[in-house]
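Notes for the one structure printed next.
Chain letters run A, B, ... following the sequence lines, proteins first, then strands; residues in each count from 1.
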Amino acid sequence: MPLSSRHLLGLETTPKEDIKLILDTATTFKEVLERPIKRVPTLQGKTVVNLFYENSTRTRISFELAEKRLSADAVNFSVSTSSVSKGETFKDTIRNIEAMKIDMVVVRHAAAGTPLYLTQLCDAHIINAGDGIHEHPTQALLDMYSIREKLGRLEVVKVCIVGDIAHSRVALSNIFGLKTIGAEVSVCGPATMIPRNIKELGVKVFYNIDEAIQENDVLNILRIQLERKAGGNFPTLREYHTSYGITNERLDKNGKDILILHPGPINRGVEISSEVADGSHQIILQQVTNGVAVRMAVLYLLGTQN
Amino acid sequence: MKIALKNCQLIQPQQKINKKSNLLIEDGIIIKIGNLSAEDLKHAEVFDLKDNFVSPGFFDMHVHLREPGREDEETVQTGCDSAAQGGFTGIACMPNTEPALDSAEVISLIKEKAKDHLVEVFPVGAATVGRKGEVISPMAELFNAGAVGFSDDGVAIKNARILKTSLEYSAMFDVPIIEHCEDESLAGGAMNEGTTSTFLGLPPIPSVAEDLIVIRDILMAEYTGGKVHIAHMSTKKSAQMVREAKAKGIRVTAEVSPHHFTLTEETVKGYNTNTKMNPPLRTQEDVEAMLEALKDGTIDCIASDHAPHSLEEKEMEFEYAPNGIVGLETQIGLALTELYHKKVLTVEQLVEKFAINPRKILNIPIPKFEVGERANLTIIDPNEIWSVDISQFKSKSKNSPFNKRLLKGKAVGVINKGKMILNGKLKEI
């Protein structure tokens, strides 16, 4: 059964069957990653461009590894090495890249909607690796994969996303994906970091982290972007840590066996304490491993479409 | 040269005219209204208007001509061509050019460039030097050179002190301060703040950014006695505040752009950069509030906020694209379709919003149907069904979200300054 779309632009419109297919396929690829020779010939002869208009280390490396393990030819295009600095428009850059006969584009861009725009400019399959504060679907898929792997299911699991929801593409993709699959989704953070209309997305809101811990099975903790702190969304990092930081003390107090996810990179001592980041509740590094498998699944399912 | 316009439905609400009649025009002057004899028609070229509406020439008080500075996007000439094609005989042009319209020389330059065109151009001077919001512009000089109002359009006048000074000073010439109402500290987003902006991940502009400046400006108009005109009003709250201010007798007027009574923020889905404008497209509730405010007179006039942008500038990532759309050639069709045919406004009210009120606000004489008056009129076929085709625009720019939209009603001709354009053909009369 193929995916219903030629692209992965976001999870807002991705149907349940597609999400399940990606997660199930990822299980197969995870097994490949355990082998001595971690490579399959599935995408031999296909060319994938990693088009990164915004700095990224882990997402780009994760995609690149996934591409190489599927035997695709991977080409990296990042903004610092591109002709964008020479004033070339996005459209011209895409036309040039397409003229080199490529099959897929993995795109990361600071402006929301750019992956959709890309589908109008070229014929390749487009995978969104993060667009502005809009979506980051593969991150959400790997989060969902990791929860399912650990808890055995996603349906009716209670997941709370903690942090700067208003400026997070990870949050939005997780909300869309988890809701589609039947999980119960909530968000927690200071009111200044939660979009006004969040309830229209069908999620519950917690302003108190202790309540969020008590009422959920999973916490997905977002990175506090240190560069935003001066903007005035919350007074100080110390106050954020005091109010929303996840510490052992806080977990113990609420006496709860809870699963902790974090998309990384983590700020130790801000949104998460060191002992939690290295402790028994978290699956942060499993998420990274699963990320490769999930991205292999997406690349495979799109790259083998007609 | 003599022409006869037969079978006109003449509409001039100020004169309480709404009747079937005929016009005889010689050398651009109306010489007879009513039944025309064989003698009258001798040597006259006769046009049968088949009961089309004939009203005082329509006037768009919010147009960006881009000259000087961005002649690649629009010039005085192409902007006037676009206005005439869209059914307008007069426009007011905004001062956010490069350089800004903040000196008598630039105002005169615009007037000079427009002097031979059918369409009359009335520049709006910058309210502050360079539109920087620091020092008020030489308003008396600008007024004497032909400025009909003052504005820092693109932004609101930066602070309350400069606004106060501008209103006090401009009141001496009885011209309005035209305000782009947006609080600077809340500006900078790409679309209206709401569910759609959350779904699209676009940086939001809250509606309260507009409301804050509207109430500031109303209070300041009340305090100084100056005249404030709210440009491109778009929120329900703003409409309510203007309604209340008018009831109190405060000198405030308001305009709305057709996109704010026809489109909602939902249109932004798909990230088409031709749906990016400032003020942004709002909610259905706001659209309904605009219709209500048009109906009850809270909104005095309709203006396009015609904002030409080159293809290169609009063909890019949504967040990086400039704001604005061209509107001169679609707005009468949109207004007839959405307001007249849907019975929001009568034809008299439509003529008030397009021809009478904008001139009243700017102290420009209103054309009348009287013998001896210069013929300045717009001819409208209310029932023509047509489809918007951006490739046919006279404007240099094609950035419209209304391409291929089916409309009912169209301006088919204009007459002014001894010239006539009927069905696209220019004729000296």
Side-chain angles (χ1 to χ4, degrees), chain A residues 9-13 51 53-54 79 84 87-95 107-121 128 130-137 165-173 175-176 179 187 193-203 228 231-232, chain B residues 72 183-209 211 235 237 264-277 280-286 309-323 399 401 403:
Chain A
L9 304 179
L11 297 188
E12 185 193 344
T13 53
L51 184 62
Y53 275 81
E54 206 183 51
V79 79
V84 172
E88 190 173 53
T89 65
F90 184 74
K91 186 178 172 183
D92 285 326
T93 304
I94 302 313
R95 288 270 161 88
V107 61
R108 157 74 58 101
H109 200 292
T114 307
L116 176 64
Y117 182 38
L118 202 45
T119 64
Q120 294 154 7
L121 296 176
N128 182 2
D131 62 328
I133 54 172
H134 181 218
E135 286 225 43
H136 190 357
I165 311 301
H167 300 99
S168 172
R169 52 193 172 212
V170 176
L172 202 57
S173 285
I175 291 169
F176 291 142
K179 285 198 63 72
V187 297
M193 289 181 155
I194 293 181
R196 294 166 48 81
N197 311 74
I198 189 82
K199 287 190 179 147
E200 290 172 47
L201 272 68
V203 304
R228 286 201 197 277
Chain B
D72 60 312
D183 181 87
E184 196 186 6
S185 67
L186 294 170
M191 71 170 295
N192 184 49
E193 180 165 50
T195 315
T196 310
S197 68
T198 303
F199 270 85
L200 295 180
L202 287 171
I205 307 170
S207 56
V208 71
D211 305 336
T235 73
K237 271 224 160 60
T264 68
E265 57 179 11
E266 298 271 316
T267 321
V268 182
K269 287 181 176 171
Y271 302 92
N272 178 350
T273 56
N274 286 331
T275 62
K276 187 179 181 191
M277 49 278 268
L281 297 174
R282 307 283 188 189
T283 65
Q284 186 58 37
E285 210 183 339
D286 293 306
H309 286 293
S310 67
L311 200 59
E312 306 89 86
E313 278 193 336
K314 276 288 197 184
E315 268 195 342
M316 61 164 72
E317 299 91 322
F318 191 90
E319 289 178 43
Y320 306 157
N323 290 310
N399 51 310
N403 195 29

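- Among A:Ile133, A:Ile175, A:Leu201, the one residue that satisfies the side-chain contact (heavy atoms from CB on, under 4.5 Å) test with B:Thr198 is A:Leu201.
- Separating the OG1 atom in A:Thr89 from the CD atom in B:Glu312 is a distance of 9.0 Å, to the nearest 0.5 Å.
- For a residue to count as touching a neighbouring chain, one of its non-hydrogen atoms must lie under 4.5 Å from one of that chain's; by this rule A:Ala110 touches chain B with backbone and side chain alike.
- Separating the OG1 atom in A:Thr114 from the CZ atom in B:Phe318 is a distance of 11.0 Å, to the nearest 0.5 Å.
- With sequence neighbours left out, the salt bridge (Lys or Arg N to Asp or Glu O under 4.0 Å) criterion links A:Glu12 to no other residue.
- Other residues, nucleotides and ligands place more than 12 heavy atoms under 6.0 Å from the CD atom of A:Gln120.
- The distance from atom CG of A:Leu116 to atom NZ of B:Lys269, rounded to the nearest 0.5 Å, is 13.0 Å.
- With chain B as partner, the option from A:Arg169, A:His109, A:Lys199, A:Glu135 having the largest number of non-hydrogen pairs under 4.5 angstrom is A:His109.
- Note: B:Gly194 leads B:Ser197, B:Gly194, B:Gly270 in heavy-atom pairs under 4.5 Å with chain A.
- The two atoms that bring B:Glu317 and A:Ala111 nearest to each other are CB-CB, 3.8 Å, heavy atoms only.
- Taking all atoms of both residues into account, the shortest heavy-atom contact from A:Ala112 to B:Leu202 is CB-CD2, 3.7 Å.
- In this structure A:His134 satisfies the ring-ring contact (aromatic ring centres under 6.0 Å, His included) test together with B:Tyr271, sequence neighbours excluded.
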